[in-house]
Structures are given as structure tokens and as C-alpha cells.
Amino acid sequence: MILMNDFKLESHEIQKEMQLAVNRVIKSGWYVLGPEVESFEKEWAQTCKTKYSIGVGNGMDAIEIILHSMNVGPGDEVITTPMTAFATVLAILRAGATPVLADIESDTALLSMDSVRRCISPRTKAVVLVHLYGQMKELDLWKSFCNEHHIFLIEDCAQSHLATWNDLPGGNFGVAGAYSFYPTKNLGALGDGGIIVTSDERLSRTASSLRNYGQSVRYEHPLVGMNSRLDEMQAAILSVKLKWLEGYTARRREIAGQYLKNIQNQYVSNLSAPLDAHSHVYHLYVVTSRYRDALQAHLNGQSIQSLIHYPIPIHHQKPCLDMLRDPTGLSISEEHAAQCLSIPCHPHMSQGDVERVIIAVNSFSPHH
Ligand SMILES: *Cc1c(COP(=O)(O)O)cnc(C)c1O
């Protein structure tokens, strides 16, 4: 079976380095928010070209903490996409704010600026822009759009490690960026983890207090915070894995390039190619088909796993049925949810695997 992710194929070298890192933490006798976290925070801020980074418990908390830090909460509206991980919207709800769903563009599945414009009200405080599937697009336009409307831009970078727009990684265009290190992300821990990147000193100080019970100095709590800390073990492992991330990303792009060029089937479409190669890191490679379920069954029959990101748009999730949305509807999100399929695109795939996937997709027909 060609899997969507196959961590057992990770090299012996990386596994050995992770074991050394874990042993180092065990021997240190310090397990939460310590020197490993500080050192990884420095590395990640450098990687992201931001001044600060704040390690937190996971990607969802990263978004919630950014919202809290910007004083976005009850009575405030936050615009985002219905085509995302539930965590994006859950973070807005947990911050006490009101999510408003805007529609997407059909050729990228990224948030549509026209739709966001229709969602703006006097209560709008922020846009959470998701770099979906690993793609950053027109971030300069998003930045000026949000400035013009006096709303905060918050970047959900959970799928876009190392993606750049005009040479700047996610987190440089908005007030802050939220990264996740859930194991299946492009940079994954061996458990949960997340980080906030920002160049705003005040936001950085507030966020690092909020992640740790709102503490300023030991046992003093001027803010109502939460418990969302990155631990030493995950930070040490992430520092190891970071060394491989560039190579892994290059391999993802290479595989995606082959798919884009060679997948040719009248019943299957690729999404549009990124405007520049650096702007997409292919956390997921997504095709669309009117016969999506049959395509998935066909691939499964050829021992190729595939997944749907995402089968249920947010406004069809039970807690979200009454959620505010674009007054003209969310039809493109609905169509995308019905037609999208993510096919294997991970750095441990062999050239043979890639070719097998292409042949399998190209041989699909809904009529037999
Ligand atoms: C994974 C993901 C999150 C949440 O990250 P966790 O670390 O699982 O909390 C948020 N947004 C998007 C787009 C994601 O893919």
C-alpha cells in the first residue's frame, strides 16, 4: 500500500538522532519550557525570518493565543474559510469570537478576497488566512487589503512550513503566524506541538505569558491564560527534524511537479500550479473529480491510499450550522468538498511509487 504518510520509512540516521535527542532530555531532568524549547524557538524564528517565536501546545492553541493577544474576543467577528481543519474555526470559537465564513477560489481552494469583502461588517476584527495544502498566495495583497479595512491578518501556517511569498515565510504578512507540529504536518513532532511566530514584541510577550497560565514572573498572573506549553522532548525532536525539512520539502515539490505534468485524465483535474515554486510546499497534493468516490475506490483497489481534505465544509458541521457566512453562499466550498481528493505526496515515496500513482490516476474511468 502506498500510504499518505509512512513514518516507518524515515531514515535510520534521523531515528538515531531523535533517540540521542530524547536521551539528552531525559538526562537533563527538565521537561517543559526549558533550554531545548528556547533553542528550537530561536531556530524556528530564524527559519521564518521573524523576530520572535513562542512554542505552544499545538497549532489550534497557537491561533487562539494570537487572537487573545490581539484582544479579539466576544462581540468580535473573525472571517475565515469553511475549507480547513476544524481546528481553525474551533480556535476562533474558543477565543470567544464569532467566526464568519467566506468562500474559496475554485482553482486553489484558498480563501476568496471578493467573498471576504462581502463578509466584512463593523464588528470584523480579523481574518484568519489558511495557507491551505501548503500554499501561500498573494500575501502582499492580503496584507494591504487588511490594512485598508483596519482588520488584523492572522496566518494559519499549520500546513505551510517553509512556504514563502516574495521570499518571506508565513507569519511575516499578518500580525503573527500559527504553526502546528502535529506528526503528519511537513515538520512533525512525535506528539502534539505548535508555535507562534511574530515580529511584534508586545504580541510576543503577551503570547508567552498566555501559554503559561498568564504568568508574568513566577506565581504572578496578570492575565487569564491557559496551559499550552511546548515540552522539551518535542522541541529536541523538532530541532533534529528541522535539519531534514528543506530536503523533504524539495522532494515534495518534485513529486508534485511530476503529478502536475503527468496526471492527464478527462475525469480528473489538478488544481492550478502555484504562481512561483517557493510559494507551495505541498503538505497535500489535491486533485478534483466529479467522480471522486469512484476515483478513491479505484486507487484503493490499486493499493494507493487517499484522503479527503475536507469532506464536510465547516458550515455543515453540527456546531456550525447557523454560522455567519458570505450572503451569496459558499457554493464553491461545497463543490470542492464533494470533488477533492488528496493523493500520496510525502518525501519517503520512491520514484516507483510516484509513477504507480500517476498510472493509477490516469487509468481511472468512472464507467467500469
Ligand atoms: C493541523 C491544522 C491545525 C491545527 O493544528 P493542531 O496542532 O492539530 O492543533 C490548524 N489549522 C490547519 C489548517 C491545520 O491543518
Side-chain angles (χ1 to χ4, degrees), residues 4-5 37 40 44 53-68 78-95 97 99 101-102 104 108-111 126-137 139 142 153-163 169-171 174 176-197 207 210-211 226-231 233-235 237-238 241 252 271 280-286 307-314 317 320 333 336-337 340 342 345-346:
M4 290 295 289
N5 282 295
V37 171
F40 177 71
W44 191 249
S53 89
I54 305 98
V56 296
N58 54 68
M60 184 180 87
D61 286 356
I63 301 169
E64 182 183 341
I65 292 171
I66 293 168
L67 289 165
H68 276 312
V78 177
I79 301 171
T80 195
T81 169
M83 189 44 58
T84 184
F86 195 67
T88 308
V89 171
L90 190 49
I92 298 168
L93 290 170
R94 299 214 37 110
L101 302 172
I104 58 174
T108 58
L110 296 170
L111 199 60
V127 170
V128 176
L129 187 67
V130 180
H131 304 321
L132 192 73
Y133 305 148
Q135 181 171 208
M136 294 177 71
K137 193 180 168 204
L139 267 291
W142 279 107
L153 176 62
I154 294 166
E155 295 175 63
D156 181 341
C157 312
Q159 305 187 349
S160 65
H161 311 73
L162 297 195
Y179 285 87
S180 164
F181 302 120
Y182 186 77
T184 58
K185 308 293 185 183
N186 286 22
L187 179 59
L190 301 191
D192 277 309
I195 209 164
I196 295 164
V197 297
L210 286 174
R211 74 173 165 183
M226 47 205 272
N227 176 353
S228 184
R229 302 174 294 221
L230 187 59
D231 68 73
M233 205 94 87
Q234 301 309 338
I237 282 160
L238 288 165
K241 285 193 150 185
R252 283 177 188 272
L271 296 180
H280 205 325
V281 294
Y282 291 99
H283 171 61
L284 294 166
Y285 190 92
V286 174
L307 290 170
I308 299 167
H309 301 93
Y310 294 90
I312 307 173
I314 299 291
Q317 298 286 357
C320 310
S333 298
H336 187 78
C340 65
S342 309
C345 179
H346 66 78

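Counting starts at 1 for both ligands and their atoms, following the listed order. Reckoned from all heavy atoms, side chains included, excluding hydrogens, waters and symmetry mates.
For the ring-ring contact (aromatic ring centres under 6.0 Å, His included) test, no residue two or more places apart in sequence or in another chain qualifies with His68. When the side chain to side chain contact (heavy atoms under 4.5 Å, CB included) test is applied to Ala189, the partners found at least two apart in sequence or on another chain are Phe181, Gln234, Leu238. Checked against side chain to side chain contact (heavy atoms under 4.5 Å, CB included), Ile312 has the following partners two or more places apart in sequence or in another chain: His316, Gln317.
In this structure, His161 and Tyr179 have tilted ring planes: the angle between them lies in the 30° to 60° band.
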Note down each nitrogen or oxygen pair, ligand 1 side and protein side, whose separation is under 3.5 Å; give only atom names and the distance to 0.1 Å.
unit_1	atom_1	unit_2	atom_2	d
ligand 1	5 (O)	Ser180	OG	3.3
ligand 1	7 (O)	Gly59	N	2.7
ligand 1	7 (O)	Ser180	OG	2.6
ligand 1	9 (O)	Gly59	N	3.3
ligand 1	9 (O)	Met60	N	2.9
ligand 1	11 (N)	Thr88	OG1	3.3
ligand 1	11 (N)	Asp156	OD1	3.3
ligand 1	11 (N)	Asp156	OD2	2.8
ligand 1	15 (O)	Gln159	NE2	2.9
ligand 1	15 (O)	Lys185	NZ	2.6

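Put simply, the side chain of Val281 does not reach to within 4.5 Å of the side chain of Arg252, judged on heavy atoms.
Between His283 and Asn186, the side chains place a donor N or O and an acceptor N or O closer than 3.5 Å (distance only, hydrogens not considered).
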